Amino acid sequence: MDDVIRIAGIVEESFVDGPGIRFVVFAQGCKHSCEGCHNPHTHDFNGGMLVSTDDMIEKMKKNPLLDGITLSGGEPFEQAKGFGMMALKAKQKGYHVMTYSGYLFEDIIDRSKKDQDWKRLLLNTDVLVDGKFEEDKKDLLLKFRGSKNQRLIDVGESIDSGSLVILD
Ligand code: SF4
């Protein structure tokens with residue numbers, strides 16, 4: 001179903017998962033198996049719980065201070081249909097959307113050429129944090145990401161300009 005996502009949980013108000021004050025949705029299900037992953041409970045594709053994207057938007061609307069939504073994981077792109085709709089609905093309400101993925105931006109672009117769900121999730125993401133967590137590149141001082149290989153990518157600018165626009 002387009003409007004249902006399987007999630008590990010939510011944080012209704014976060015100051016550390018992207019710019020401003022954010023509503024964070026943790027996708028349930030991930031097959032990247034990053035060594036040192038901080039969220040192993042999010043890996044099981046049958047775990048967590050099912051929620052509707054409309055319910056998430058209703059919860060967000062109750063907090064006028066929110067700047068955006070962060071889609072984290074788990075791996076949101078494994079549920080690109082539902083999370084794409086989540087991102088789209090958040091954009092339609094004027095929220096900034098940040099998405100974390102263990103996949104690389106270039107691979108997401110490739111997949112998006114033949115998969116409308118991946119495309120919807122990508123195109124409704126303002127900032128993508130891409131790549132697997134790599135323990136040997138871990139750095140606690142990095143903004144909004146765990147390891148140095150991960151990039152904060154301005155999705156719209158990168159697509160418009162045809163070259164990677166990395167923030168921060
Ligand atoms: S992508 Fe994220 S949730 Fe998945 S294994 Fe890597 S760090 Fe863990």
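Values below: all heavy atoms of this structure, side chains included; hydrogens, waters and symmetry mates excluded. Order of appearance sets the numbers: ligands from 1, and atoms from 1 within every ligand. Here the structure is a predicted model, which means the values were calculated and not measured.
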>> Using a 4.0 Å cut-off to any heavy atom of Gly74, which atoms of ligand 1 qualify?
In response: 3 (S)
> Which residue and non-hydrogen atom of the protein lie closest to atom 4 (Fe) of ligand 1, and at what distance in Å?
Replying inline: Cys30 SG, 2.2 Å
> Can you tell which of Arg120, Lys119, Lys114 makes a salt bridge (charged side-chain N to carboxylate O under 4.0 Å, His left out) with Asp117?
Replying inline: Arg120
> Checking only N/O/S atoms, does Cys37 have one that is under 2.8 Å from atom 4 (Fe) of ligand 1?
Replying inline: no
>> Is a donor from one side chain sitting under 3.5 angstrom from an acceptor on the other, for Ser101 and Glu75?
In response: yes
>> Would you say that more than 12 heavy atoms from the other residues, nucleotides or ligands in this model lie under 6.0 Å from the NZ of Lys91, or not?
In response: yes
>> Can you confirm whether Glu106 is buried at CD, in the sense that more than 12 heavy atoms of other residues, nucleotides or ligands lie under 6.0 Å from that atom?
In response: yes
> Where does Ser33 meet ligand 1, judged by heavy-atom distances below 4.0 Å: at the side chain, the backbone, both, or neither?
Replying inline: backbone
> Going by atom types only, do Asn63 and Glu13 share a side-chain donor-acceptor pair under 3.5 Å?
Replying inline: yes
> Is His43 touching ligand 1 with its side chain, its backbone, both, or neither, if touching means heavy atoms under 4.0 Å apart?
Replying inline: side chain
> Considering only the protein, which heavy-atom contact is closest to atom 6 (Fe) of ligand 1, and what is its distance?
Replying inline: Cys34 SG, 2.3 Å
